[in-house]
Amino acid sequence: MTDRKKAVVTGGSTGIGRGITYCLAEAGYDVVFSYRNNKESAAQVLNNLIKSWPEGHFFMLEADFGKRGQEKAFFDKAIECLDGLDLLVNNAGVTLKDSIFDLDEEQMDSLLNVDFRSYVLLMKEAVTYMAAKKIRGNVVNITSTRADRAYPKDGLYGAVKAGINRGIQSFALDVAPYGIRINNVAPGATKRLTPEEMEMQKDSVHVKKIGYLSERIPLERYGLPEDMGNAVVFLASEKASYITGATLKIDGGLTLPGMPETPEESQKGWGASKKEISWTSRR
């Protein structure tokens, strides 16, 4: 194996995970990424893309973290593929949007297993390996701005993400003496589809929502998977060597404002009102 850094990314075949995997490969990491069995074709497309580069070792492994016992088996196989570890990115997740009146226990258990339990168990595996091998490594978890901004029907999902945000503050203290850092990236509205997928689904509710909401985000665009990937690369780099226990919100300012206070703000969004600005040199 090479001296390149080594990263493991869960849920790396599509959406934000695809952007993270691509950015890490571009930054010079060898990468193992997981996919669920219904995402194999997307995983293969990504794997072929990054394997076309002249350097690096890249592996795709199937794992379903909704099933108990998958975490350790996946981690052991990933370490075997990479022969080391510098970075774990917990990204695999499921979304549950139901009111308290309609919560389904089976769906609730799946969410808790994938979005919370697997994150904690994989963090445990990663930091134990790093500490034992004296690797001053990193963990980055993907959470959500819904952790601290409430919306209808996301009580459970938001609570789980908030739990990870709070949990890593203590976990970061546990591992700091070993030179290991743990941080989170909290995306806002993020475009998870490729341009080709956007074109194929241009009449779908999801794509229409992207157009509607983009105009109302203060920076006037949806986030891209690469925005999250670049943040992960930064947090795992020496440029962020004094950052630990932090959650970095990346949402284009979406969650900054409170409730719209005028009809114009309600219709156009907080970031849309502009006036002409002039500047005159005082020399």
Side-chain angles (χ1 to χ4, degrees), residues 7 9-27 31 33-36 38-50 60 89-97 111 114-115 140-149 151-154 157-158 160-161 164-165 184-235 247-257 267-272:
V9 181
T10 66
S13 61
T14 59
I16 289 174
R18 176 167 50 199
I20 293 168
T21 301
Y22 186 90
C23 288
L24 288 171
E26 188 177 47
V31 185
F33 67 91
S34 79
Y35 69 94
R36 285 188 295 172
N38 62 339
K39 304 288 187 182
E40 183 173 3
S41 59
Q44 193 61 62
V45 169
L46 175 63
N47 202 44
N48 291 341
L49 174 62
I50 57 180
M60 48 185 276
V89 183
N90 274 318
N91 168 75
V94 295
T95 303
L96 176 61
K97 291 184 179 179
L111 177 75
V114 178
D115 290 28
V140 180
N141 303 292
I142 306 304
T143 61
S144 174
T145 54
R146 289 176 180 267
D148 54 18
R149 180 60 61 88
Y151 301 87
K153 299 183 179 180
D154 76 345
Y157 179 81
V160 166
K161 295 303 186 181
I164 295 294
N165 287 357
N184 293 340
V185 168
T190 305
K191 192 183 298 182
R192 289 166 166 78
L193 302 177
T194 65
E196 294 77 17
E197 291 167 340
M198 288 280 289
E199 179 61 27
M200 291 174 60
Q201 301 180 38
K202 61 184 178 182
D203 294 326
S204 69
V205 172
H206 177 65
V207 171
K208 288 179 179 178
K209 179 183 176 183
I210 291 174
Y212 168 84
L213 188 56
S214 293
E215 298 176 353
R216 290 159 174 78
I217 294 171
L219 289 185
E220 298 185 346
R221 73 169 176 88
Y222 247 60
L224 300 174
E226 291 77 11
D227 293 321
M228 311 311 152
N230 288 329
V232 170
V233 171
F234 165 70
L235 286 173
T247 296
L248 178 59
K249 185 187 298 183
I250 305 179
D251 69 350
L254 174 64
T255 60
L256 287 176
Q267 291 182 6
K268 293 186 177 180
W270 287 87

Practice task
Identify, with sequence neighbours excluded, every residue that meets salt bridge (charged side-chain N to carboxylate O under 4.0 Å, His left out) alongside Lys249.
Solution key: Asp148

Problem - Spacing of His206 atom NE2 and Gln201 atom CD [to the nearest 0.5 Å] - result: 7.0 Å

Exercise for the section: Keeping the roles fixed (side chain from Ser204, backbone from Val207), state whether a donor-acceptor pair exists under 3.5 Å. Expected result: yes

Fill in the blank from the handout: Residues Pro225 and Gly19: closest non-hydrogen pair is CB-CA, 3.7 Å

Exercise for the section: Measure from the side-chain N and O atoms of Asp227 to the backbone N and O of Gly223, and report whether any donor-acceptor pair falls under 3.5 Å. Expected result: no

Handout entry: Distance, nearest 0.5 Å, that separates CE of Met60 from CZ of Phe33
Key = 5.5 Å

Handout entry: Full working for side-chain contact (heavy atoms from CB on, under 4.5 Å) between Ile210 and Met198
Key = CA-CA 10 Å; Ile210 291 174; Met198 288 280 289; 3.8 Å; yes

Practice task
For the residue pair Thr143 and Asn165, confirm or rule out a side-chain donor-acceptor distance under 3.5 Å.
Solution key: yes

Exercise for the section: Quick one: do Asn184 and Ile142 satisfy side-chain contact (heavy atoms from CB on, under 4.5 Å)? Show the steps, please. Expected result: CA-CA 6 Å; Asn184 293 340; Ile142 306 304; over 6 Å; no

Handout entry: Heavy-atom side-chain contact between Arg36 and Val94 under 4.5 Å
Key = yes

Fill in the blank from the handout: Between Leu248 and Ala231, the two heavy atoms sitting closest are CD2-CB, 4.2 Å

Problem - Salt bridge present between Lys97 and Asp154 (N-O < 4.0 angstrom) - result: no

Exercise for the section: For Thr247 and Ala186, work out which heavy atoms get closest and say how close. Expected result: CG2-CB, 3.8 Å

Exercise for the section: Go through the steps for Val185 and Val140 under the test side-chain contact (heavy atoms from CB on, under 4.5 Å), then give the verdict. Expected result: CA-CA 7 Å; Val185 168; Val140 180; 4.0 Å; yes

Practice task
Using a 4.5 Å cut-off on heavy atoms from C-beta on, say whether the side chain of Ser34 contacts that of Val9.
Solution key: no

Exercise for the section: Measure the spacing between CG of Leu254 and CG of Leu219 and express it to the nearest 0.5 Å. Expected result: 10.0 Å

Handout entry: Heavy-atom side-chain contact between Val232 and Cys23 under 4.5 Å
Key = no

Exercise for the section: Drop me the distance from Asp251's CG to Tyr222's OH, to the nearest 0.5 angstrom. Expected result: 12.0 Å

Practice task
Please say whether the positively charged group of Arg216, taken as NZ for Lys or CZ for Arg, lies over the ring of Tyr212, i.e. under 6.0 angstrom from the six-membered ring centre and within 45 degrees of the axis.
Solution key: yes

Handout entry: Verdict with reasoning, Thr10 to Val89, per side-chain contact (heavy atoms from CB on, under 4.5 Å)
Key = CA-CA 6 Å; Thr10 66; Val89 183; over 6 Å; no

Problem - Nearest atoms (heavy-atom pairs only) where Lys161 meets Ala147 - result: C-CB, 3.7 Å

Exercise for the section: For the pair Arg221 (side chain) and Ser214 (backbone), establish whether a donor and an acceptor sit closer than 3.5 Å, ignoring hydrogens and angles. Expected result: no

Completion exercise
In terms of heavy-atom contacts, Thr145 and Gly188 come closest through OG1-CA, 3.7 Å

Handout entry: Min side-chain heavy-atom separation Pro187-Met228 under 4.5 Å
Key = yes

Handout entry: Flag, side chain of Asn91 to backbone of Gly11, donor-acceptor distance under 3.5 Å
Key = yes

Problem - Closest approach of Pro218 to Gly253 (non-hydrogen atoms, all atoms of both residues) - result: CG-O, 3.3 Å

